[in-house]
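A short write-up of the structure that comes next.
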Amino acid sequence: LPRLFEEEPRYEKQQEEVLDRDLMAYFDDRMRHNWRGPEHWKVTAFKRANNIDQESKPKADTQQTTHEKKKHDAVVVDFFGDDVDEDTLFEAPRNPSTLVKKENSGLNKLPDDIRYTSSRLITLFTKQFTISTYSVKPQATLTDAQFFGDA
Amino acid sequence: MNQSEKPTLKSIKNISRTDEVNNAMRHVFQDAQMGLSGHRKLVIVLKNVFNKSVELNQQEYFALYLTRIINRILSLKKGEQVADRIAKFCASFIRSIVEDEIEAKQNKESDEDKEEDDEDEENESPTTMLITYLIHHLLRGIEAKDKTVRYRVVQLLAYLVRYIGEIDNNTFEALYSSLNKRLNDKEPIVRLQAIVAISHFQVFNFDYTEEESPFEIDITNASITEKIIHSIRHDESAEVRRAALLNLKKSQATIPYLIERARDTNSINRRLVYSRISRELGPMNNIDFKNRELLLKWGLNDREEAVQAAATKMLTTHWYGSVKEDLFELIENLHVKDSDIAETAMLIFFKSREDKLSTIKIDEAYWKQLSIEKAFLMRTFYCYCQDHTLLELVDANFPEAVDLAETLEKYLELRTKFIASNSENIKAWESHNEKLEVFKNQLLQLENTMSRINLETETHKKHLDAADDNLKFLQLEEQVSELNRFHEEQKDNYVPFAEKLQDLEFIILQLLLIANKFDYGDDFGRRKMLQVIRKRLTEDKLPGELASIALKVLKRISLHEKDFIAMSTEIITDIRDSYDNEDEHFHSAVSDFDDDDDDEEEEDEIEQDEDEEAKQKKRNEPKLPPDDIVIQCLTMSQHVLELIEHPLEDYTSLTSIYSGLVNYAINYKEKATLHLLGLKCLGLFALIDRSTAEDAVATLYHSMRSSGEQVRIIGMKAVIDILSIHGVSIIGTNIFSYARLFYKSLTNYDMPGLQCVVAEGLCKLFLTDIFHASSTSNESEEGDNQEYESEKQLFEALILTYFHPLTSKNQELGQILSFCIPVYAFSHPNHQARVSSVSGDVIYRLFSDDEFTHHDHKLSATSVIPQLIFWCDPNNLVNLTQFEIKRQTSHLWQCVYLLQALEQDTSKVVKRAIISNLSKLYLTDKLESTVLKGLAEALEGTKQCFEENATIPEYQLDKLSHKNLDNFIEYVNETYAKSVEREGEEREKSNLLSTNSILGELENELDTQSQHDKSETEENVETNEEETTQDTDKEINEDISDNEESVDVEMQDADDPVDDLKRQQLEENLREIDEILDAEDSVDYSISMEE
DNA sequence: TGGATCCAGCTACACATC
DNA sequence: GATGTGTAGCTGGAGCCC
C-alpha cells in the first residue's frame, strides 16, 4: 500500500470517488458500535484525543499493590466471637417501599438494525451507482496511525 | 472438649451437652470457610454432631446454633469468598442429611413391607425440622434494610429450596411469596438470587386441576413460569435476565421468550442464546421456522463479533450436526424460498466449513433435475466459488454456458406451460390483483388528499374537516379484510398452484443469478444465452424480480451499453407491439404523448393548471392501453434505466418510448402503481439526461408538495439522486425552495420514512460537497450567499435532528444519522470545521429552544457535548499525518463556540457540562501561537463574564467546575507558551528572514479589510471575491425554518488550495475570535434569546 | 491459569425534594 | 437536614478465550 507512505495529501480532480475501499472498510468498522443513536452513544477512542492528563501512570506498580491488597483483604470470620445481634441484622427499613424497584415496561431489546454502511452512503437511492465528489480537495485516505492502530 | 480442640468423630461420640454441640459446630464452620476442598469431610463431621444432638434430643439447639453461625455471614458483601463457601457448605450439609433421610426411609419402607406400618408418618423428622427452622429464620431477614443481608438470605434460600420436599404448606407458602416479592427487589443481586431460587420450583408439580389447591395464594407451574418470563423480558439488569434465561425451563411454550433474548441489549446474553440455549433446545427442528429464521437473522448480523461467531457455530456445528451433516436437509430447514437470511447463512457456512466444499458434487444429473434446495445450493456455491476465485471447484462442478442456457430455457418453458394449463387460476389471480390495484389507488388518493388538507391547513390556517376522509379510511379497512380473504378462499385451487409456480420461478431465479455471474468464455454459449433471455423477456411476461435479473444478464452478455439499450428497447417495443393487434390505440397513444412533451416542458411553473390537466387526461382517455401492459413496459424501463451507467447521448429510441410512457403514467395520479412507476422512471431518466433532469426536478417538486408520503419518498429520492449526479446548478436559482422542502421533510415526524430519505440524502450531498461547493459555482455573490445560508441551516437541522427528542421514536432516522454524521465529519477537515461552526448554535437551541425542551426523554447536555466534541476531534480525521493532526484548528474553533454558548443565557447544567468537557479538546503547541493567544484571551473574557455576572445563579459555578475551568485556562496558557517557544526555535532555524516584514505589511492590510469574513485552517485561505459584509448577510439571510433570523457567527470554508498567505490567515483567525466574543452582547441571535 | 474485554457498581459530589 | 437522584471517573468482577 504505497499510499501510506506518501507525505503530501493527494489532490484529486473533480468527479472522484468520495471514499475509497480502505476508507469504507475503516468507517464501517469504526461505526460498528454507536449505531443506536445519540442516547446510546459512548466514547470509545477518546483517550487518544485527551491530551491533558496524558502522563502515563506507572502501571506495574499500582497493579502489584492492588494485587497484594486483594490477597491480604481476604476476610476470615471468627465463629467463636460474640453472636450477631439479630434485631440489627434483620432491621427493616423505615419505608418498606424503598426495597422495591420501579416497574420497567421496556423489553430490553435492541431495535431493528438497519445495518447502514458506507457503501450505501455513497450510492444513489434509485440505482446502483456510486456518487462522485464535486469539490477539488484531497481524496480521503487513512492516516498512518489509523491504519496501523485501530483500523 | 474445649474451644481449641477440633471435633473428631470420636470426640463427638462423647458429647453430652449443648455447649459442646455449639463448640463443635463453630469449629466445623471455622474450617469450612477456608476452602471447598475440606467440605466433604466437614459435612460428615457436622452430620455426626447433628445426629448426636438428635440422639440427645437437642436438635432444636443444633438448629439454633446453626442460625447463629449463619448470621455471621449474612452481612458479608457479594463476592466475599468466605460467605460463599459457608453458603455452599450449608447446602452440602443439608443435601447430605436429606439424602441420608431418604435412604433411611427407603430402607424402612422395605422393612415395613415385612412388618406393620409405623405411625411416625405424622411426625416431623429432625431433618425437616431443621430445614423448616432454617427457612423461618432466613425469612426474618428477607426484607432487611441491608441489601447484603437480603442478598445472602436469598442466596441461602436458593441453595435450600432444592431440598425442601418435605416442608409444610404454610412454610412453603411463606417462602414462595417472600421470594416472589424479591423478584422486584431494588437490588439486582437480590433479584438474581430470587430468580435462581424460584426456578427450582419449576420442577415441582403444582397441578391442582383434579384436587383443590392446598395453598391460599396462586401457586401453579404456569404462574411460576410467567414470573420468570416477566423477569427475562422486563428486568433492567442484564445479569438478572441472564439468570432467567439460563434457568427458565426449556419447552415449546418458552422458546419464543428464549429466542427473543437473541436481541437482548446485553451482548453476553445474546451470545448465550447461541452458545448455550440453542444447544439445550436440541435439534434445529425443535424450533419452528419463524424462530430459526429470527435466530439466524439476528445472530449472523449481530454487531458483536463474539455473538456472530456463536451464531455461526450454532449453524455450522450444532444445527448441521443435528441433521446428521446432510446439507440438503439443512437447506430444507432454512426454507430458502421464504427466507431472507438463507443466502447469508449459506455463504457463512461455506466460509466456516471450507472442509465441506470438496464434498459438494454437482454433475449433469444434478442440474438437469433441480429442486429448490438443489438450485439454491448450486447458486450459492457458485457465487461463493466465484467470489473466492475457487476456479477449480467451478470447473469441476459447473456446466458450459450453452448447457446453462439450455437448462434455463427448459425451466422457463416449464413455467410457460404450467401457466397455460392453469388458466382458471390465473384468472382468479388476475381478478384479485385488479381489486388490489383499486385498493392501492384509493389508498394513494386518500393519502394525497390528507396531505393536501394538512398543507392547506398549515398555509391558510384553515381548519378543514377531515371526517369524510376518516370515513374513507374505515371503508378501506374493510377492503383489506376482504382482500385478505382471497388466500383463505382459494386454499384448494389457487394456493397450491401459486406455490408450485413460485417453486419454478425460484429455480429460474437461481439459474439467472448464476448466469449473471457466469464466465462466458465461449461465444457459442453466450449467444445461446442471449437468445434465451431476449426471447423470454419479450414473450414470457416475467415477474418483476426475474425480469430485473434477466435484464442484468442481458447487460452482461451484451457487447456494450449501447447494444444493451438497443436490445432492451426492442424488447419493450415488442411487448407493446404484441398488443397492437388487440388494441390499436396504444401505439398512437404513445405517439401522442411524445407530442405532449412540449406542453409538459412549459408546465414547470409552480401552479399547475388543474383544468388543463384534466382536459389532457380526457383527450387521452379513449386511447387507453391496458394498464397491465403499460405497467409491464414501465417496470422493464425502470430496470433498464437502473442499469445504464453512462449519460444519454443519441439513444433517441429510448427517449421516444420512455418519455411517452413516463409522462403518460405520471398524469394518472389516481392509478397508484402506474403513477408511482412513472415518477420512478422520470427520476431515473433524469439521471442520464441533463435536460430531462431540469424539467424533472420541477415536476417532482410539485408532486411532492401535493402528495402523501409514498409519492414524497419517491420524489425525494429522485431529486436527491438528480442533485448527486448533476449538481446544485440543476435547480437554478431555486435553491431556497428546495432547501425549504428538505427542511420541512426532515422535521416532519408524521412522515418517518420521508425523514429517513431526506436525512440520508442530505448527508450524501454534504459528504460529496455537492452542497457547499459554492466557491466553484458561477452564481452571483448574492445567490452564493443565499445558497450558503440555506445549506448552513440545513446542516444545522441535520445535527439537531440527530439530537431531537422525537428522533428516538424514529429508529431508522437515528441510525442513519449515527453513521452519516461522524463519517461526514471525519472525512475532511472542512467537514469537521463545519460541524464545529454549528456547535454553539446546536447547544444553545437544544437546551434553550422550546422546540426541543418541551419533550420528554430529551438528551442531557452531558451526553450531547461529548459527541459534538468527538466529531470535531482532529485525531479522528482520516487523510492526515500526525503532524497535520496536531495543527488542526477544528477543536480550537469549537472551543470558541462553546465559550460563546457558555457566556449566553444557558442553564447552569449546560454551563457545567461545557466546562467539564473542555479538557477533551485537542489543542497542541503545534498550533500557531497567534490563535492560541486569541483563545487564551477569549478564556480570560469568559472568566471575566462569570465574575461580572456572579450575582446571577446560572453563573455561580460549583467548586469542581471552577477548578476545571481554571485548569483548562492554565493548560491553554501553557500550550501557548510552548507554541511561542517552538516558533522562536523554528524562526532561528529558518532562513526565511523576511517573515517579519511580510507580517508587518499584512497587518496594515488587515486594517482596511472588511470585518466579517472568516476562514478555516491553513489549507483554506479566503479570497477577496468571497468577502461579504455583515449587512449583506443579514439582508439576504432568509430563514428556511421559519424561525427568526439566524445568527451569523460562522466560519466560511473556502476550497482553494494552500497558498502562502498563512500569516494573513492567522491574523484573521485571531481577529475572529475577538469578534465572535465581542459580538455576543450586540448580535441579534436568530435562535431567539427569549428573556 | 492468565489475559483481554465489557459492564456495573462504588464513591464523591452537586443538587432537588420532602 | 435527611433523603433521593444524577454524574464522572475509577475499579473490580464476570464471562470468554487460549
Side-chain angles (χ1 to χ4, degrees), chain A residues 32-34 39-47 50 52-53 57 59-60 62-74 93-102 108 150, chain B residues 76-81 83-84 145 147-148 151 185-193 196 235-243 245-246 261 264-277 302-313 857-866 869 907-920 953-954 956-964 967:
Chain A
R32 179 180 270 271
H33 303 281
N34 285 338
E39 60 271 62
H40 299 103
W41 185 88
K42 287 198 195 87
V43 229
T44 41
F46 217 117
K47 298 236 156 71
N50 189 344
I52 291 182
D53 54 344
K57 302 154 219 150
K59 244 191 169 177
T62 52
Q63 236 173 11
Q64 225 176 16
T65 50
T66 53
H67 212 78
E68 277 168 22
K69 212 189 345 179
K70 209 163 87 187
K71 272 182 186 167
H72 284 291
D73 269 3
R94 246 175 285 165
N95 179 3
S97 70
T98 53
L99 297 187
V100 181
K101 70 154 188 200
K102 50 182 185 287
N108 303 296
D150 9 32
Chain B
L76 297 186
K77 277 192 289 192
K78 181 179 183 269
E80 209 60 82
Q81 290 292 311
D84 292 341
K145 191 171 75 172
K147 65 173 179 180
T148 310
Y151 164 65
D185 197 286
K186 198 174 59 174
E187 297 299 327
I189 46 167
V190 178
R191 299 201 300 275
L192 191 152
Q193 292 300 333
V196 174
D235 199 297
E236 59 210 12
S237 159
E239 284 180 74
V240 176
R241 295 197 303 277
R242 189 175 312 148
L245 176 67
L246 293 170
R261 288 305 107 197
D264 197 286
T265 45
N266 182 279
S267 64
I268 297 169
N269 290 358
R270 297 203 298 279
R271 185 173 50 192
L272 274 174
V273 171
Y274 296 96
S275 59
R276 217 177 303 173
I277 306 300
D302 201 282
R303 297 266 171 171
E304 294 289 329
E305 276 167 40
V307 180
Q308 262 187 31
T312 303
K313 199 171 168 196
H857 312 297
K858 50 187 182 292
L859 293 161
S860 65
T862 48
S863 91
V864 170
I865 293 165
I869 291 179
S907 72
K908 200 169 178 172
V909 191
V910 173
K911 290 191 203 304
R912 207 171 42 220
I914 293 174
I915 292 172
S916 71
N917 280 295
L918 288 175
S919 68
K920 289 169 180 158
E954 275 72 33
Q956 289 160 359
L957 295 177
D958 55 279
K959 265 190 289 179
L960 192 65
S961 299
H962 261 303
K963 203 185 91 191
N964 286 338
N967 284 352

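A note on names: the letters A, B, ... follow the listed sequences, proteins ahead of strands, and every chain is numbered from 1.
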Nearest-neighbour nucleotide for the B/Glu239 side chain, D/dC16, C/dC7, D/dA14 considered: D/dA14
Crowded around B/Lys313 NZ? As in, over 12 foreign heavy atoms under 6.0 Å? no
Choosing from C/dA8, D/dT7, D/dG4, which nucleotide comes nearest the side chain of A/Thr98? D/dG4
Hey, which sits more toward the 5' end of DNA chain C by its nearest nucleotide, B/Glu187 or B/Ser267? B/Ser267
Nearest-Å distance for atom pair CD/C1', residues B/Glu304 and D/dC17: 15 Å
Could you list the residues that satisfy side chain to side chain donor-acceptor pair (under 3.5 Å) with B/Thr265, not counting sequence neighbours? B/Arg241
Do B/Lys920 and B/Pro866 have side-chain heavy atoms sitting under 4.5 Å apart? yes
Going 5' to 3' through nucleotides 13-18 of chain C, assign each nucleotide B (protein heavy atom under 4.0 Å from a base atom), S (under 4.0 Å only from sugar-phosphate atoms) or - (no protein heavy atom that close). -SS---
Pairwise distance CD1(B/Ile277) to CG(B/Leu245) - rounded to 0.5 angstrom: 4.0 Å
Distance in Å, B/Arg303 CZ paired with A/Asn34 CG, rounded so as to fall on 0.5 Å steps: 10.0 Å
Taking for each residue the nucleotide of DNA chain D with the nearest heavy atom, is it B/Gly79 or A/Lys102 whose nucleotide lies nearer the 5' end? A/Lys102
Taking atom C1' of C/dC7 as reference, at what distance in whole Å does atom CD1 of B/Ile189 sit? 16 Å
Closest non-hydrogen atom pair between B/Arg271 and B/Ala310, with its separation: CG-CB, 3.9 Å
Along DNA chain D (nearest heavy atom to each residue), the more 5'-positioned of B/Leu272 and B/Asn917: B/Asn917
Counting only side-chain heavy atoms from C-beta out, which of C/dA8, D/dC16, D/dA14 sits nearest to B/Arg271? D/dC16
Does the pair B/Asp958/B/Lys908 count as a salt bridge with the N-to-O cut at 4.0 Å? no
Flag side-chain contact, heavy atom, 4.5 Å: B/Glu187 against B/Tyr151: no
How many whole angstroms separate atom NZ of B/Lys920 from atom P of D/dT7? 13 Å
For B/Lys858, does the NZ atom have more than 12 heavy-atom neighbours from other residues, nucleotides or ligands under 6.0 Å away? yes
Can you check the B/Asp185 CG to C/dG9 P distance for me, whole Å? 13 Å
In whole Å, I'd like the distance from the NZ atom of A/Lys101 to the P atom of C/dG9. 13 Å
Between C/dT11 atom P and B/Lys77 atom NZ, what is the distance in whole Å? 6 Å
Measure from the side-chain heavy atoms of B/Ser860 and tell me the nearest of C/dA8, D/dT7, C/dG9. D/dT7
Return the angle between end axes of the helix from C/dT5-D/dA14 to C/dC18-D/dG1, with five pairs used per end and rounding to 10°. 30°
Classify B/Ala238 by what it touches in the nucleic acid, base, sugar-phosphate, or nothing, heavy-atom distance under 4.0 Å. sugar-phosphate
Look at the side chain of B/Thr862 and decide which nucleotide, out of D/dA8, C/dC10, D/dC16, has an atom nearest to it. D/dA8
Of the options C/dC7, C/dC10, D/dA14, whose atoms approach the side-chain atoms of B/Lys78 most closely? D/dA14
Between C/dT5 atom P and B/Arg270 atom CZ, what is the distance in whole Å? 18 Å
For the pair B/Lys186 (side chain) and A/Thr98 (backbone), establish whether a donor and an acceptor sit closer than 3.5 Å, ignoring hydrogens and angles. yes
Over how many whole Å does the gap from B/Asn964 atom CG to C/dA12 atom P extend? 18 Å
How would you label the contact of B/Lys963 with the nucleic acid (heavy atoms, under 4.0 Å): base, sugar-phosphate, or nothing? nothing
